[in-house]
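Indexing begins at 1, ligand by ligand and atom by atom, following the structure's order. Throughout, residue positions are numbered sequentially from 1 according to the sequence presented.
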Amino acid sequence: MYIAMVSAECAPIAKAGGLGDFVQGLARELSIRGNQVEIFLPKYDSLRFDRIWGLTKVYEGLWVPYYDQWVHCDVEYGEVDGLKCYFIDEHARENFFRRGKIYGEPDDANRFAFYCRAVLEFMLKSGRHPDVIHCNDWQTGLIPVLLYEIYQGLGMKHTRVCYTLHNMGHQGVTGDSILRQVGLKPERMMVMERMLDPVNHRAVNLMKGGIVFSNFVTTVSPRYAWEIQHTDQGMGLQGLLQYYDRKFGGVLNGIDYSVWNPELDPHLPQPYGPDTLPQKAASKKALRQRLGLADVFKPIITVVSRLDRQKGVDLIRRAIYFSLESGCQFVLLGSAPEPAVNERFWGIKREMDSNPDCHLELTYDEELSHLIYGGSDMILIPSVYEPCGLTQMIAMKYGVVPIVRRVGGLADTVFDANYSDRPFEERNGYLFDELTESALEAAMGRAIGLWFRFPEYFRQLRVNGMRADNSWNRPGQSYLDIYHHLRN
Ligand SMILES: Nc1ncnc2c1ncn2[C@@H]1O[C@H](COP(=O)(O)OP(=O)(O)O[C@H]2O[C@H](CO)[C@@H](O)[C@H](O)[C@H]2O)[C@@H](O)[C@H]1O
């Protein structure tokens, strides 16, 4: 099967969060199974060019419609760890992809709308007819709309679209002039059955367009699929998702064990696995050295996260103090898109400056994240909502015990050490329900108590997590089943 993955991110060259891991992991799994997979990305100036092999121009003079003009683009091709990637290189006056970052610009909606039109224009002009285009999140919500409204009429008749929702918190709600930008008619699209936002009746909703016009819609865990159809986690689109129930389902993400595996990880001083767990101590030591933490008999509790409100930033802050009060060390790796949140964490960082048990690294650092997973004992994920969550799965592979809130994919992957109905060998962490400090502290207290008092039992929890299969094997098959269903 011929699959085109269209996304704003792909690890390791353009990653802001979990979407990047998803595209990389699923594309690799589909390739291994013998499918032809092509990944499409904007040619951001912030790409990790050192990780792209053989970047060359393969299409010159792609003219992409933009309002009533045309914008000149080229398309470049390169390989990333064996995956085939095409990059849309635009020469617009607006410099859509030369902003030093992936997101966070005032014209993000226009930038990604342009990208969608450019991808389809390239597919048409270069004679590509994928069996399935797999799109992701609001940035590529216009792909199925444009395919149906424009490109099918130009000959792309048999291509089907699978659309994956990674985060209902960002839907691409914007003014309707974006429709004219990409060549759609506002009077046709700004109706409830198409792209009109259900809350703001003057705005267009790009994610809604993606849901309406795709042949199949998925989200990244079964529990989140239920939450966004039946609770306000749908953020206004729950009715729509119920209406399209027959083409909607949750597929739990996997993680790429060729990237996230302590037995192979080049960023760790010494490899380890479930049968060589004592060797994890070398990573803990190296982490402490790297961050200037004391080498003492204490567990390291970590948070690796975008410091977005979704991630429970208030509870993360409380957890820092609670960890220190409970005789633990604390390491945070996070970057905050919101200036107010960023400022608050910088305040804590300054306060902890000379504390040998605490380190906050307020940046994005892929390499350091590997050493943190390697060196930590527990990871905290107190999310307000969490579509899937990859950090608990990565952490478990590294023998780190997760303490998480019972929402979305966290509830589908973490099973409580004390209160689960699962058999003991499947229990791998700690859960709490309420979004409160006391609920957080109770769960953390149970985990920390076990580490100090019953190390053998704590070791067993680590091993259970390491032995769980969160690979792309099962989800890869689920997506192939969906693609085959669409093609037939
Ligand atoms: N400061 C930092 N430095 C280095 N690495 C960092 C980092 N902050 C985060 N990361 C890394 O980014 C990834 C984040 O994964 P999450 O599951 O938390 O995704 P996110 O919320 O971004 O994405 C959304 O999409 C994914 C994929 O579908 C869903 O799992 C998730 O629930 C949904 O919110 C992990 O690989 C983590 O190690």
Engineer: Report the part of K311 in contact with ligand 1, treating N, CA, C, O as backbone and CB onward as side chain, heavy atoms under 4.0 Å; options are side chain, backbone, both, neither.
Structural biologist: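 Side chain only.
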Engineer: Is it true that D256 and R28 have a side-chain N and a carboxylate O under 4.0 angstrom from each other?
Structural biologist: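 Here D256 pairs with R28 in a salt bridge, since their nearest N and O are under 4.0 Å apart.
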Engineer: V220 heavy atoms, cut-off 4.0 Å: which ligand 1 atoms fall inside?
Structural biologist: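 The list of qualifying atoms is 28 (O).
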Engineer: One residue to check: S305. Relative to ligand 1, which of side chain, backbone, both or neither has a non-hydrogen atom less than 4.0 Å away?
Structural biologist: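 The part of S305 near ligand 1 is the backbone, not the side chain.
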Engineer: Given that the side chain starts at C-beta and the backbone is N, CA, C, O, which of these parts of T363 lies under 4.0 Å from ligand 1, counting heavy atoms, or is it both or neither?
Structural biologist: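 Answer for T363: backbone.
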Engineer: Run down the list Y224, W260, F22, Y364 and name the one with the heavy atom closest to atom 5 (N) of ligand 1.
Structural biologist: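 Residue with the shortest heavy-atom distance to the ligand atom: Y364.
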Engineer: Residues two or more places apart in sequence or in another chain: which of them pass ring pair (Phe, Tyr, Trp, His ring centres under 6.0 Å) with W260?
Structural biologist: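 Scan of W260 (ring pair (Phe, Tyr, Trp, His ring centres under 6.0 Å), adjacent residues dropped) gives H370, Y373.
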Engineer: Any salt bridge between K285 and D295, counting N to O under 4.0 Å?
Structural biologist: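 Yes, K285 and D295 are salt-bridged.
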Engineer: Yes or no: does E361 have any heavy atom under 4.0 Å from an atom of ligand 1?
Structural biologist: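 No.
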Engineer: Considering the heavy atoms of G389, write down every atom of ligand 1 situated less than 4.0 Å from one of them.
Structural biologist: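 With G389 as reference, the close atoms of ligand 1 come out as 17 (O), 29 (C), 30 (O), 31 (C), 32 (O).
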Engineer: Which ligand 1 atoms, with their elements, are less than 4.0 angstrom from a heavy-atom of G334?
Structural biologist: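 Answer, ordered by atom number: 1 (N).
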Engineer: Show which atoms of ligand 1 fall inside a sub-4.0 Å distance from at least one heavy-atom site of Y373.
Structural biologist: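 Atoms satisfying the 4.0 Å criterion: 37 (C), 38 (O).
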